[in-house]
Amino acid sequence: MAKRNLIQVALTSIALTAVVVVTMGCGSGGEVSPAPTSADADAFLARVDAAMTRLLIEQNQSGWVAQTYITDETEAIDARVNRAVIDQVARFAKESTRFDGVEVSPDKRRQLNLLKLALVMATPSDAREAEELTKVTSRLLSTYGKGRYCPEPATPDACLNIDAVTRTMATSRDERELRRVWEGWHTVAPPMRQDYSRFVELSNKGARELGFADTGAMWRAKYDMSPDDFTKELDRLWDQVRPLYLQLHALVRMKLRQRYGDAVPAAGPIPAHLFGNIWAQDWSNILPLVEPPGAQAGYSLTDILKSRPLDAREMVRTGERFYTSLGFDPLPETFWKRSLFVRPKDRDVVCHASAWDIDLETDVRIKMCIEQTAEDFSTIHHELGHNFYQRAYMKQPVIFRDSANDGFHEATGDTISLSVTPQYLAKLGLLTTVPETSSDTGLLLARALENIAFLPFGLLIDQWRWKVFSGEVTAANYNTAWWDLRLKYQGIAPPSARGEDLFDPGAKYHVPANTPYTRYFLAQILQFQFHRALAVTAGCTTPLHRCSIYQSQAAGARLKAMLEMGLSRPWPDALEALTGSRAMDASAIVDYFAPLRVWMEEQVRGEREGW
């Protein structure tokens with residue numbers, strides 16, 4: 001669940017002047033070069049806007065083709081375009097330091113500052129190494145996209161792609177089958193291990209040339225605060241929600257032990273293959289094993305969808321109607337002609353759901369392989385949030401065409417997903433009646449298995465990568481460090497021994513795709529904060545978990561005003577515009593799940609919390 005946009009930027013006080021010396025002295029003829037002026041800065045930014053608009057459109061076009069027509073040729077084309085974009089951004093970033101001492105408007109100063117942090121990956125200045133890095137990154141993503149688990153190598157038709165693996169993990173209750181499929185999918189990753197090690201080496205070299213300690217430090221500098229302060233902010237937010245996670249973990253462990261016996265320890269970490277999800281990041285598929293009698297949600301959205309004539313396109317139409325009910329304009333006709341809604345039968349594609357802004361204006365699309373499930377119904381609402389965000393800020397200069405921070409982009413669609421309540425489903429005609437409040441415990445438990453369960457996973461992906469980029473974790477202990485963090489944050493363990501000949505992080509799309517992941521943790525925090533504020537604006541008087549902002553033009557206007565800001569203001573300004581607060585606050589999560597926490601306390605009485 002991501003958007004496609006190379007420029008993922010945020011303001012920082014770190015400049016490139018530590019590593020880039022711009023000569024302001026004599027030219028070849030001995031004359032003193034004139035000092036740059038405000039007008040020169042304006043002309044430079046106009047040139048940046050025009051050049052980057054053209055290059056980013058080319059990059060989006062090549063990326064779309066590379067992910068929807070996976071071949072060696074499309075991979076090579078995408079690598080070349082990516083390198084051209086990265087090289088140009090790096091040149092502009094260095095050139096922007098000429099204007100560090102020039103008096104310009106605050107708007108122009110922010111653009112100049114943001115330009116210095118406009119890369120997720122910086123290529124080394126050496127041309128051969130730069131070319132190698134872009135090829136390696138394209139190869140990593142292609143390897144993932146082609147990944148298959150083949151139980152019988154001699155029978156290719158029996159191979160399982162990620163869709164088939166996902167279905168088995170979601171529906172099977174056979175511990176041996178789950179273990180076999182879990183281990184099988186993770187076989188796609190070892191071929192990436194050497195490439196990933198080289199990627200780390202080369203991307204770090206590029207980041208250091210830009211004045212950063214490593215690529216991880218470069219990522220953490222994108223949040224309007226220092227990298228160290230950002231790390232502390234993440235710790236503060238996690239501390240707010242960790243007690244709720246420990247309760248949920250204890251409940252799930254108790255219930256899984258009842259189902260699988262000694263395969264699940266009474267007081268230790270839970271085996272990773274038993275959560276109904278290949279990455280154990282979303283536990284909602286094991287809801288039937290966890291919910292006690294009398295605490296059921298009262299309906300199965302997946303069953304309802306499968307019983308209706310709702311194909312993939314109509315599911316997306318339903319999601320679009322949520323946004324138009326808030327006052328947003330309908331999606332353009334090109335969206336319906338050019339998006340990918342189902343997996344093609346004639347070729348490999350990267351099916352991981354993503355939203356695209358091809359021409360940075362109106363050619364927005366989503367790419368996902370939709371199935372009639374509650375998860376995909378929610379994901380559609382999420383991905384469309386990216387598209388409506390992209391359309392909202394399309395009139396900003398290209399440097400500002402992004403979210404206030406990358407967590408905001410993810411949180412927007414997630415906020416809408418929180419409004420997929422029984423009341424909303426009843427208005428759509430998918431439910432004939434709204435369940436009684438007695439079913440709220442089941443509904444909240446289902447939501448917790450999705451959202452609360454995700455929080456530590458949302459943290460640990462980048463915790464691992466930051467340690468890898470810094471050198472604290474070396475290629476010799478990639479897998480050990482990965483499972484150490486999964487134990488520390490999630491309280492889970494692998495179902496079998498995992499040696500250093502394996503590369504389990506690579507089985508998660510965002511690692512080979514080099515997509516920063518902390519945004520998803522922030523999105524979990526922000527979505528509840530956004531939802532609480534918008535529920536007040538919408539005049540909702542029910543408990544927070546029953547509120548839906550569907551059809552609230554007032555809530556839509558407030559949301560749209562924030563989206564239109566794009567990256568033009570620091571994220572605390574955008575947060576304040578929507579919520580009235582300048583600080584991220586996880587208390588909205590605690591408020592939302594308050595009734596569930598009371599119930600869980602009774603359920604796990606006498607059980608050990610933690611591992």
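Listed for the Ser378 side chain is no donor-acceptor partner under 3.5 Å among the backbone atoms of Ser417. For Arg253 (side chain) and Arg608 (main-chain N/O), a donor-acceptor pair under 3.5 Å exists by modelled atom type. With hydrogens and angles disregarded, no donor-acceptor distance shorter than 3.5 Å links the side chain of Gln527 to the backbone of Ala411. Arg486 contributes no side-chain N or O that, together with a main-chain N or O of Pro494, makes up a donor-acceptor pair within less than 3.5 Å. For the pair Trp571 (side chain) and Tyr223 (backbone), a donor-acceptor distance under 3.5 Å is present. In terms of modelled atom types and a separation under 3.5 Å, the side chain of Thr302 and the main chain of Ala374 share a donor-acceptor contact. The closest donor-acceptor contact from the side chain of Asn277 to the backbone of Trp283 lies at 3.5 Å or more, if one exists at all. With hydrogens and angles disregarded, a donor-acceptor distance shorter than 3.5 Å links the side chain of Ser470 to the backbone of Lys467. Panel note: side chain His186, backbone Trp182; a donor-acceptor pair is recorded below 3.5 Å. The backbone N or O of Phe530 sits nowhere less than 3.5 Å from a side-chain atom of Thr579 that would complete a donor-acceptor pair.
Side-chain rings of His249 and Trp611 approach one another, their centers coming within less than 6.0 Å. Between Phe457 and Phe521, the ring centre distance reaches or exceeds 6.0 Å. Two rings, from Tyr389 and Tyr323, have their centers 6.0 Å or more apart. The six-membered or imidazole ring of His510 lies near that of Tyr520, with a centre-to-centre distance under 6.0 Å. You'll find the ring centres of Tyr509 and Tyr144 inside the 6.0 Å limit.
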Donor-acceptor pairs are to be reported for all side-chain atoms of residues 259-272 against protein atoms at under 3.5 Å, with residues two or more places apart or in another chain.
| from | atom 1 | to | atom 2 | distance (Å) |
| --- | --- | --- | --- | --- |
| Arg259 | NH2 | Arg173 | O | 3.1 |

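Checked options Asp402, Asp406, Asp462; the residue passing with Arg519 is Asp406 (criterion: salt bridge (Lys or Arg N to Asp or Glu O under 4.0 Å)).
Geometric assessment of Arg220 against the ring of Trp466 yields a positive cation-pi assignment under the 6.0 Å and 45° thresholds.
Looking at residues two or more places apart in sequence or on another chain, you find a side-chain contact (heavy atoms from CB on, under 4.5 Å) between Gln372 and Leu305, Lys306, Leu310, Met315. Tyr196 is linked by a ring pair (Phe, Tyr, Trp, His ring centres under 6.0 Å) to Phe199, Trp464, Phe503, counting only residues two or more places apart in sequence or in another chain. Partners of Ala577 according to the side-chain contact (heavy atoms from CB on, under 4.5 Å) rule, which considers only residues two or more places apart in sequence or in another chain, are Met565. Looking at residues two or more places apart in sequence or on another chain, you find a side-chain contact (heavy atoms from CB on, under 4.5 Å) between Asp484 and Thr480.
Taking the side chain as every heavy atom from C-beta outward, Met368 and Asp376 approach each other to under 4.5 Å. Between Phe400 and Leu114, the closest side-chain pair of non-hydrogen atoms falls below 4.5 Å. Side-chain atoms of Val590 and Phe528, non-hydrogen and from C-beta on, never get closer than 4.5 Å to each other.
Salt bridge annotation for Arg242-Asp239: absent, with no cationic side-chain nitrogen under 4.0 angstrom from a carboxylate oxygen. With respect to Arg391 and Asp357, no salt bridge is recorded, no charged nitrogen being found less than 4.0 Å from a carboxylate O. Under a 4.0 Å N-O distance rule, the pair Glu601/Arg605 does not qualify as a salt bridge.
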> Is there a side-chain contact (heavy atoms from CB on, under 4.5 Å) between Asp440 and Arg546 once you walk through the steps?
Replying inline: CA-CA 8 Å; Asp440 284 5; Arg546 281 194 159 234; 2.9 Å; yes
> Would Glu233 and Met225 count as a side-chain contact (heavy atoms from CB on, under 4.5 Å) if you check the C-alpha gap in whole Å, the side-chain angles of each, and the deciding distance to 0.1 Å?
Replying inline: CA-CA 10 Å; Glu233 179 72 354; Met225 58 180 68; 4.3 Å; yes
> Between Asp585 and Arg532, is a salt bridge (Lys or Arg N to Asp or Glu O under 4.0 Å) present by the stated rule, with each step listed?
Replying inline: CA-CA 11 Å; Asp585 181 13; Arg532 184 169 63 182; 3.7 Å; yes
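For residues 552-568, the set of pairs meeting the side chain to side chain donor-acceptor pair (under 3.5 Å) definition, not counting sequence neighbours, comprises Thr537-Arg558.
Rounded to the nearest 0.5 angstrom, Ile461 CD1 and Thr518 OG1 are separated by 9.5 Å.
Note on ring orientation: taking the six-membered ring where Trp is involved, the planes of Tyr550 and Tyr424 are perpendicular (angle over 60°, cut-offs 30° and 60°). Using cut-offs of 30° and 60° for the angle between ring planes, the Phe322 and His381 rings count as perpendicular.
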